[in-house]
Amino acid sequence: MANLTLEHVTKRYEDVTAVDDMNLDIDDGEFICLVGPSGCGKSTTMETIAGLTKPTEGTITIGDLDVTNLPPKDRGVAMVFQNIALFPHMDVYENISFGLRLRDYDPDEIDRRVEHATDVVQLEGMLDRMPEEMSGGQRQRVAIARAIVREPDVFLMDEPLANLDAKLRVHMRTELQRLHKELDTTIIYVTHDQAEAMTMSDRIAVIDGGELQQIDPPLVCYNEPANLFVAGFIGSPSMNLLPGKLTANAAETDDFSIDLDVENVPDASAGDDVTVGVRPEDVYPTDTQGAISTPSKPIHVTTDVLEPMGDQIFVYLTFDETDGGTMKGDAAGSDQLLMSVDPDREIEEDESMEVVFDRTKVHLFDSASGDALVHGVDDLSASGFESRVSDTRSGGGDE
Amino acid sequence: MATTDGSNDSTESEGGPLARWTSSVIENQEKRDRLYRALFIVAAGFFLVTTLFPFYWLLVLALTPTSQILTGDWSLPIIGIEFPHPQGFNVYAFVEMFEQVPFHLFMFNSFVLAISTTVIVLAVATLAGYVFGRLEFPGRGLLMLVVLMISYFPPAAFLVPLFDAFLGNAVVIPFLGIELFESPRLVNTPASMVLPFSALFLPLAIFILTTFYAQIPDGLEDAARVEGTTRLGALVRVIMPLSAPGLATAAVLTFITVYNEYFFSSIMALENNPENWSPLLGGILSYQTQYTTEFNLMAAASIVGVLPIVIIVIVAQERIVSGLTAGGLKE
């Protein structure tokens with residue numbers, strides 16, 4: 001068990017920079033998820049930690065040991081691969097004990113450890129099976145057993161559940177969490193499935209284009225995304241992001257405006273291009289706005305497509321032309337807004353209605369740089385009728 | 001098997017016998033199975049006859065005394081048609097062949113040459129195959145082409161310069177007369193044969209192993225390396241076992257070709273003596289002297305010489321098939 005530090009790690013291929021100046025400081029026993037879209041460099045980051053790829057620049061430290069130039073075998077890491085990568089010509093026992101046998105452990109010690117590892121992943125009685133005779137979930141557990149049997153300092157898991165079916169994936173997810181609790185080892189987990197990232201990790205590292213976008217606990221990434229990318233990536237369905245402009249006393253989009261005093265927005269001034277972000281669950285029909293203390297100005301919309309999910313209904317809304325801001329362009333109505341409502345609510349397609357946002361949950365992003373400006377605008381409005389309600393501020397906080 | 005009996009010109013809706021037979025084969029599963037079995041027997045029979053007849057012919061010659069071979073009456077006693085069959089039963093030929101020529105020594109030479117060449121070829125081709133099949137580096141395709149180009153040359157092209165060098169003469173750049181180095185005198189030693197054989201058979205082995213090694217998923221090698229092997233260790237412990245069919249193919253091809261080789265060895269071994277590392281074929285030819293040719297002994301020696309290969313192929317084939325059915329490459 002050890003902490004892990006990446007300092008200015010960069011990996012360049014001939015014409016592509018896969019990882020760009022990555023700095024990570026991971027504590028002992030922490031469960032970190034690296035998330036990002038395909039090709040964002042998360043697997044390359046993992047490979048540099050494992051030692052399978054040498055970084056072009058930067059240093060990697062595990063514990064107190066600079067491992068940047070060490071081969072994988074001397075780093076004290078174990079890895080679970082996306083394609084599981086069991087050795088097909090060895091049975092389960094040989095697979096699990098491979099690393100121990102290479103290190104010339106005492107046969108009794110090997111037996112004891114293998115037994116313990118199979119115990120942990122619940123694989124008793126399968127030691128003489130060949131990998132091809134096992135199901136996907138069983139193979140995955142063998143791979144995990146192979147990793148834990150060496151008692152490594154750091155676990156690396158590269159999308160270990162990606163090839164499993166949905167049900168098994170959820171099951172293995174809880175098993176992995178149990179395993180982490182039991183072993184208390186540092187785990188670095190690569191995934192593009194944000195449900196995995198949200199549920200399992202202590203902190204999420206969101207990566208895009210080889211650059212670290214944000215590393216924070218899951219709910220912080222969800223509630224206070226550092227930039228437009230994180231806002232759009234974390235959360236499913238993703239946050240509504242609507243382009244607009246700052247004026248002296250509002251953030252205006254083509255279809256609506258959010259009142260605020262631009263003086264109170266840090267690092268911004270009137271005339272800046274901003275993007276207004278609001279999550280579907282923070283959009284409310286006006287008749288339920290009693291539930292929130294800080295509603296924005298009502299916006300006229302028409303329902304478009306409904307997606308009943310059982311526990312909630314996703315409603316796609318289009319803006320009515322007569323509504324909102326002063327900057328109405330020709331392409332009015334092209335923007336869509338997604339709202340999630342209670343499943344009991346009766347709602348129909350092509351229904352005209354008014355919606356409001358929860359002002360504490362409205363995010364403003366600088367459109368040019370993508371960086372977040374503020375999370376929650378209820379304490380920003382200096383003037384206008386909405387200031388009446390804004391003194392019951394609840395901060396940009398959690399649900 | 002189709003019996004074209006000329007009645008297929010019938011234009012009635014019923015069709016002629018051939019048309020009826022054809023449609024019945026198409027419709028009737030049992031008839032179709034019978035047809036396939038018959039076709040298989042014909043094809044396999046043809047193959048077996050063409051491959052096994054030479055062996056039978058060798059056996060006939062070995063068992064027939066020399067005098068009978070040249071003057072014998074080949075017609076079968078009862079039916080009277082001419083068909084090669086043993087004239088007498090002279091098993092003693094298999095003993096006599098060892099009395100006249102130390103044939104076991106020639107066989108030993110061939111074995112040594114074939115085994116050492118196979119070991120060298122596999123060792124070098126494994127490393128080269130790993131590099132070509134699994135590593136990315138600039139100029140890989142070009143380098144592979146150069147390696148393969150060696151196998152495009154006829155071996156005869158190398159013979160004269162190699163023979164000259166192996167005689168112990170200095171290797172000189174033509175026209176300039178600059179002396180590069182002086183080779184030790186290698187003729188009449190195994191080195192004079194193993195070196196050119198290895199060079200000639202390497203490209204094919206490299207090519208085979210490159211394709212096999214390239215198919216092993218990267219994840220397996222990565223897993224082995226994370227688990228504690230070096231790259232070389234991963235090659236030996238994971239990639240090579242999973243490529244066993246490829247290794248067996250390369251090894252068997254090399255071994256058989258060298259075991260049967262005569263062109264280089266007949267020249268590099270200055271005389272057909274076992275002391276000069278003359279191989280199996282040199283031994284067989286030793287039954288031919290200026291005045292006599294002992295066909296029966298040559299045939300007997302050929303049969304004895306072939307037996308080890310037959311055994312090796314049968315054993316290796318089992319290995320290859322078991323390697324394939326184990327699903328080694330499936331992940």
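These numbers come from a predicted model, not from an experiment. A note on names: the letters A, B, ... follow the listed sequences, proteins ahead of strands, and every chain is numbered from 1.
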Euclidean distance, [Y] [atom2] relative to [X] [atom1], rounded to 0.5 Å:
X        : Y        : atom1 : atom2 : result
B/Arg225 : A/Arg75  : CZ    : CZ    : 9.5 Å
A/Thr53  : B/Asp222 : OG1   : CG    : 7.5 Å
B/Leu220 : A/Leu86  : CG    : CG    : 8.5 Å
A/His89  : B/Met240 : NE2   : CE    : 11.0 Å

Determine whether more than 12 heavy atoms belonging to other residues, nucleotides or ligands lie under 6.0 Å from atom [atom1] of [X].
X        : atom1 : result
B/Glu30  : CD    : no
A/Asp106 : CG    : yes
B/Phe47  : CZ    : no
B/Tyr262 : OH    : yes
A/Phe31  : CZ    : yes
B/Phe263 : CZ    : yes
A/Gln138 : CD    : yes
A/His116 : NE2   : no

Walk me through it: do B/Arg237 and A/Phe87 pass the test side chain to side chain contact (heavy atoms under 4.5 Å, CB included)? CA-CA 10 Å; B/Arg237 284 170 194 274; A/Phe87 307 122; over 6 Å; no
Identify which part of [X] has an atom lying under 4.5 Å from any heavy atom of chain B, answering side chain, backbone, both or neither.
X        : result
A/Leu102 : side chain
A/Phe81  : side chain
A/Met130 : neither

Steps toward side chain to side chain contact (heavy atoms under 4.5 Å, CB included) verdict (A/Met79, B/Glu227): CA-CA 8 Å; A/Met79 190 157 173; B/Glu227 283 298 303; over 6 Å; no
Which atoms form the tightest heavy-atom contact between B/Val226 and A/Ala50, and what is the distance?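 Heavy atoms of B/Val226 and A/Ala50 come nearest at CG2-CB, 4.4 Å.
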To check you understand the geometry: which heavy-atom pair defines the closest contact between B/Ala223 and A/Ala85, and what is its length?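 The pair with the smallest heavy-atom distance is CB-O, 3.9 Å.
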Any A/Pro71 side-chain heavy atom under 4.5 Å of B/Thr230 side chain: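 No - every pair of side-chain heavy atoms lies 4.5 Å or more apart.
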